There are 2 protein chains.
Amino acid sequence: MSPKPKSRRVLPEPPLTEEQQETWLAYMRVKLRLNYEMNRQLQTDSGLSLADYDVLNALADCPGGRMQVGVLAARIAWERSRLSHHLQRMTARGLVERSPSEQDGRATDAVLTAAGRAELDAATPGHAALVARMFFAGLDPALLPALRTALEQVHEQVLAEGTLPRPVSQHRLPGLYPGS
Amino acid sequence: MSPKPKSRRVLPEPPLTEEQQETWLAYMRVKLRLNYEMNRQLQTDSGLSLADYDVLNALADCPGGRMQVGVLAARIAWERSRLSHHLQRMTARGLVERSPSEQDGRATDAVLTAAGRAELDAATPGHAALVARMFFAGLDPALLPALRTALEQVHEQVLAEGTLPRPVSQHRLPGLYPGS
DNA sequence: TCGGCTTAGGTGACATGTCACGTAACTTCC
DNA sequence: GGAAGTTACGTGACATGTCACCTAAGCCGA
């Protein structure tokens, strides 16, 4: 099964150095535990899941609390069908609404309702407190800038290499609020 | 709605500094996208989900590929019932087996099968390559040590503050293999 | 050795996520 | 202006995760 002599070496060499492996393991461990804790805290304190929070948060971060469904999906790195189902459930709970897009007849906008914003606002302090306590409280402040830069570099890399479309920066621009 | 004068100040102060917020946002963005990409890559290239991979990986990292179910759950930060269901499915696929624990009559061990180990081995290079490409390729090597230390500090903090039991270090100790 | 307490895991009903596919609105090019 | 290709979302079937609760084994003091 190896009649292809050396057209391109198989490269069984480990693609990660020792230190990279350790870093990756630490990342995964943090991710797993933090996910668990965030979910739990949000659920018990606010009746929101982390998924709900991601959606509400992304919407709230947008002028008018309104975003096209596909754009929102790209922003939070969800499958579009997942978002579609989830919006259905959140609509039933009164947290968001759907309304046909003005720009594109095919598209739908997800819109934050007043109730949705209220729930988000109610949930945010507890969530932020958890982040402060779980993530930053044990972190040497001297490492913060490096951590930030590193994460931003990784983010950029994932965007560049990833299969998912780069999120549209339908973002709030400082001092530029197009209004409703 | 503010008839409770100042029994305890409401503390609307933001618990996070500007730089902490940015760091947190970067972390969340990385987490969302990387999760998406890892899932996708594993699924299409190996027919394993990221969840499968987490389980197999944890087991393989243990002498004999055998671990008590609850210990495994703590290790990968899953609800125990989730793991129970998942093991059932993985058992049906022949990736793992269950066998009653020798030490504790109540407990069950999850055991990696030969097929499970083979699948894991087959999936690992692709997964590692993805990590190398998405996570490390864009990272300034000078930042690596700081990133690692920061993540390890955060991990320690989550363990200390979290609600989940600290994972038992039923880990492979260098030079100390109790054997099967 | 009996009864209550705790801890192990499992289970069934239901919430959530994924995949494959469907329909409709654009876009293009003739 | 209309067929072909693309893009936007929705949907139904099924895979996965969560919650509340169950049974059994170990534990412990009366």
Side-chain angles (χ1 to χ4, degrees), chain A residues 32 35-44 47-55 66-93 95-111 163-165 168 170, chain B residues 32 35-44 47-55 66-93 95-111 163-165 168 170:
Chain A
L32 281 168
N35 237 52
Y36 180 91
E37 301 291 349
M38 285 194 293
N39 242 312
R40 180 162 272 292
Q41 185 272 331
L42 277 173
Q43 195 66 64
T44 61
L48 295 175
S49 67
L50 184 51
D52 295 333
Y53 191 86
D54 283 342
V55 171
R66 155 183 295 264
M67 207 181 316
Q68 197 179 318
V69 169
V71 174
L72 176 54
R75 188 159 167 61
I76 59 183
W78 283 17
E79 305 279 354
R80 285 184 322 139
S81 74
R82 173 185 177 189
L83 182 55
S84 190
H85 282 302
H86 206 90
L87 287 177
Q88 203 163 27
R89 297 185 286 256
M90 293 179 78
T91 300
R93 291 197 282 154
L95 298 173
V96 299
E97 282 172 358
R98 294 183 207 241
S99 88
S101 164
E102 315 253 313
Q103 286 86 37
D104 188 331
R106 297 166 295 180
T108 307
D109 284 358
V111 190
T163 62
L164 214 52
V168 181
Q170 200 182 51
Chain B
L32 281 168
N35 237 52
Y36 180 91
E37 301 291 348
M38 285 194 292
N39 243 313
R40 179 162 273 291
Q41 185 271 330
L42 277 173
Q43 194 67 66
T44 60
L48 294 176
S49 66
L50 185 51
D52 295 333
Y53 191 85
D54 283 343
V55 170
R66 156 184 295 264
M67 207 182 317
Q68 195 178 316
V69 170
V71 174
L72 176 53
R75 189 160 165 63
I76 59 182
W78 283 18
E79 306 277 354
R80 285 181 326 140
S81 75
R82 173 185 177 189
L83 181 54
S84 190
H85 282 303
H86 205 89
L87 286 178
Q88 203 163 26
R89 295 185 287 256
M90 292 178 78
T91 301
R93 291 197 282 153
L95 299 173
V96 298
E97 281 171 358
R98 292 183 210 240
S99 87
S101 165
E102 315 252 313
Q103 286 84 38
D104 187 333
R106 296 166 295 181
T108 308
D109 284 357
V111 191
T163 62
L164 214 53
V168 181
Q170 200 182 48

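Note on naming: letters A, B, ... go to the chains in the order of the sequence lines (proteins, then strands), and numbering restarts at 1 for each one. Only a predicted model underlies this, so the values are computations on that prediction, with no experimental measurement involved.
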Any donor-acceptor N/O pair, Thr91(A) side chain to Leu87(A) backbone, under 3.5 Å: yes

Where Ala51(B) and Arg82(B) come nearest, the two heavy atoms and their spacing: CB-NH2, 4.2 Å

Helical bend (five base pairs per end, nearest 10°) for the helix from dT1(C)-dA30(D) to dC30(C)-dG1(D): 20°

Working for side-chain contact (heavy atoms from CB on, under 4.5 Å), residues His85(A) and Glu79(A): CA-CA 10 Å; His85(A) 282 302; Glu79(A) 305 279 354; over 6 Å; no

Under 4.0 Å protein heavy-atom contact, by nucleotide of nucleotides 12-22 of chain D - B base, S sugar-phosphate only: BB--BSBB---

Exercise: identify the closest heavy-atom pair between Ala73(B) and Leu83(B): N-CD2, 3.5 Å

Tyr36(B) side chain reached by Thr163(A) side chain, heavy atoms, under 4.5 Å: yes

Distance (rounded to the nearest 0.5 Å) between Ser84(A) OG and Arg98(A) CZ: 4.5 Å

Close side-chain approach of Gln41(B) to Glu37(B), heavy-atom, < 4.5 Å: no

Pairwise side-chain contact, Leu95(A) with Leu48(A), heavy-atom cut-off 4.5 Å (strictly under): yes

Non-hydrogen side-chain atoms of Asp52(B) and His86(B) separated by less than 4.5 Å: yes

OP1 or OP2 of dC26(C) under 4.0 Å from side-chain N/O of Gln103(A): no

Base versus backbone protein contacts along nucleotides 1-9 of chain D [heavy-atom cut-off under 4.0 Å; B, S, -]: ------BSB

Length of the CG-P vector between Leu87(A) and dG10(D), whole Å: 7 Å

Name of the residue among Glu102(A), Arg66(A), Glu97(A), Met67(A) meeting side-chain contact (heavy atoms from CB on, under 4.5 Å) with Asp109(A): Arg66(A)

